Protein chains: 2
Amino acid sequence: MVNDVWAALADPTRRRVVELLGSGPSRPSELADRIGTSRPALSRHLKVLRGTGIVTVDLDDTDARGLTYRLAPDGLTALRAWLDQVQAHWTDQLAEFKRHAERS
Amino acid sequence: MVNDVWAALADPTRRRVVELLGSGPSRPSELADRIGTSRPALSRHLKVLRGTGIVTVDLDDTDARGLTYRLAPDGLTALRAWLDQVQAHWTDQLAEFKRHAERS
DNA sequence: TTAATAGTTAACTCTATGGTGAACGATGTG
DNA sequence: CACATCGTTCACCATAGAGTTAACTATTAA
C-alpha cells in the first residue's frame with residue numbers, strides 16, 4: 001500500500017532510520033545508539049519499515065545474535081512515483097499560477 | 001519544517017486534496033464534495049496544508065464568499081530533496097546489496 | 001430585511017500510535 | 001554451567017489528531 005509507506009515515513013525516528021541505512025547497512029542496537037532511542041521502540045519502528053518493504057533483514061554473518069538491516073531496492077519508488085505524478089499536472093498549474101500572479 | 005510536510009501528507013485525505021489541486025485550483029466546498037468529507041473536516045485539512053506552504057489561498061474573483069486554493073510552487077521541493085538525498089547514498093548501497101545477494 | 005450559502009472555528013469524543021519497563025528465547029562468553 | 005548480550009514482544013500510559021455537531025462571520029439572493 002502506498003498509504004503504508006506514507007504512514008511509515010511520517011514518523012521522524014523512522015525517517016532517521018532510513019537516512020542512516022542510506023549510508024550503509026546496520027544493526028538495531030547500532031541504530032538505537034546513533035538515534036538515541038530505546039531498543040524496544042526502535043524494534044517496533046523497524047517492524048513497521050519491514051511491513052512496507054522499505055527495509056529488509058538478514059542474519060548477521062559473524063554474530064548469529066545480531067540482525068542486519070538494509071534499504072530495500074524498490075522501497076521508495078511508490079513515493080517518488082506519487083511526487084512525479086502530482087508534479088506532472090503541477091507543471092501546467094505553474095504557468096496558470098504565474099498568469100494569475102501577474103494579473104493581481 | 002520538513003517534518004510538517006511529512007506530517008501533512010501522512011493523511012490520505014490531505015494527499016487526495018493535493019492530487020485534486022494538482023489538476024487545477026478549487027474551492028473548499030468543491031473539494032469536500034469530490035472527496036466525500038464534511039466541510040469542517042476539510043477546512044482543517046486545508047489549514048494544515050496552508051501551514052506547511054503546500055497550498056495557498058486567494059479570494060474568489062467572482063464570488064467574494066468563496067476561496068480559491070492552489071498548489072504552491074515550492075511546496076513539495078523539500079520532500080523531493082529528501083528523496084534525492086537518500087537515494088543518492090542508496091545507489092551505492094544497491095551495488096553492495098547485489099554483491100551480498102550473489103554471495104548468499 | 002430575511003433567508004441561504006461559503007468557510008471557518010470551537011468543544012467534544014474516539015481511535016491510533018509512540019515511549020517505557022518487564023519479560024522472553026536465542027546466541028555468545030567467562 | 002552461569003551470565004551477559006541481541007532483538008523482540010507484551011502490557012501499560014499518555015498524547016496527537018481526525019471526525020462530528022453546533023455556532024459564528026461575511027457575503028449573496030429573494
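Hydrogens, waters and symmetry mates play no part in the numbers below; they use all other heavy atoms, side chains included. Predicted, not measured: the structure shown is a model, and the values here were computed from it. Proteins get letters first, then strands, A, B, ... in listed order; numbering begins at 1 in each.
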Please check the phosphate of [N] (OP1 and OP2 only) for any side-chain N or O of [X] closer than 4.0 Å.
X	N	result
B:Y69	C:dA6	no
B:S43	C:dG7	no
B:H45	D:dG17	no

Base, sugar-phosphate, or nothing: which does A:R27 touch, judged by heavy atoms less than 4.0 Å apart? sugar-phosphate

Closest to the [X] side chain: [options]?
X	options	answer
B:T13	D:dG19, C:dT20, C:dT8	D:dG19
B:R39	C:dA6, D:dG19, D:dT8	C:dA6
A:S29	D:dC6, C:dA4, D:dT20	D:dC6

Discussion item. Assess the residue pair B:D84 and A:R80 against the criterion (salt bridge (charged side-chain N to carboxylate O under 4.0 Å, His left out)); give the C-alpha distance rounded to whole Å, side-chain angles, the decisive distance to 0.1 Å, and a yes or no.
Written reply: CA-CA 9 Å; B:D84 290 340; A:R80 183 172 290 277; 2.9 Å; yes

Check for a donor-acceptor pair, side chain of B:R14 on one end and backbone N or O of B:L9 on the other, with a separation under 3.5 Å. no

Checklist line | Backbone N/O of B:A10 and side chain of B:R15: donor-acceptor pair under 3.5 Å | finding: yes

Interatomic distance where [atom1] belongs to [X] and [atom2] belongs to [N] [whole Å]:
X	N	atom1	atom2	result
B:D11	C:dT15	CG	C1'	14 Å
B:D60	D:dT27	CG	P	13 Å
A:L49	C:dT17	CG	P	14 Å
B:L67	C:dT8	CG	C1'	9 Å
B:L9	D:dG17	CG	C1'	16 Å
A:L31	D:dC6	CG	P	13 Å
A:K47	C:dT17	NZ	P	13 Å
B:D58	C:dG7	CG	C1'	15 Å

Rounding to 0.5 Å, atoms CG (B:L31) and OH (B:Y69) come to a distance of 9.0 Å

Comparing nearest nucleotides in DNA chain C, the 5'-proximal residue of the pair A:P40, A:R14 is A:R14

Heavy-atom nearest nucleotide on DNA chain C taken for A:A64 and for A:L42; more 5' hit belongs to A:L42

Whichever of A:R65 and A:A41 has the more 5' nearest nucleotide on DNA chain D, that residue is A:R65

Side-chain donor/acceptor of A:R44 to base of C:dG18, under 3.5 Å: yes

Shortest non-hydrogen pair, A:T52 vs A:A8, comes out as CG2-CB, 3.8 Å

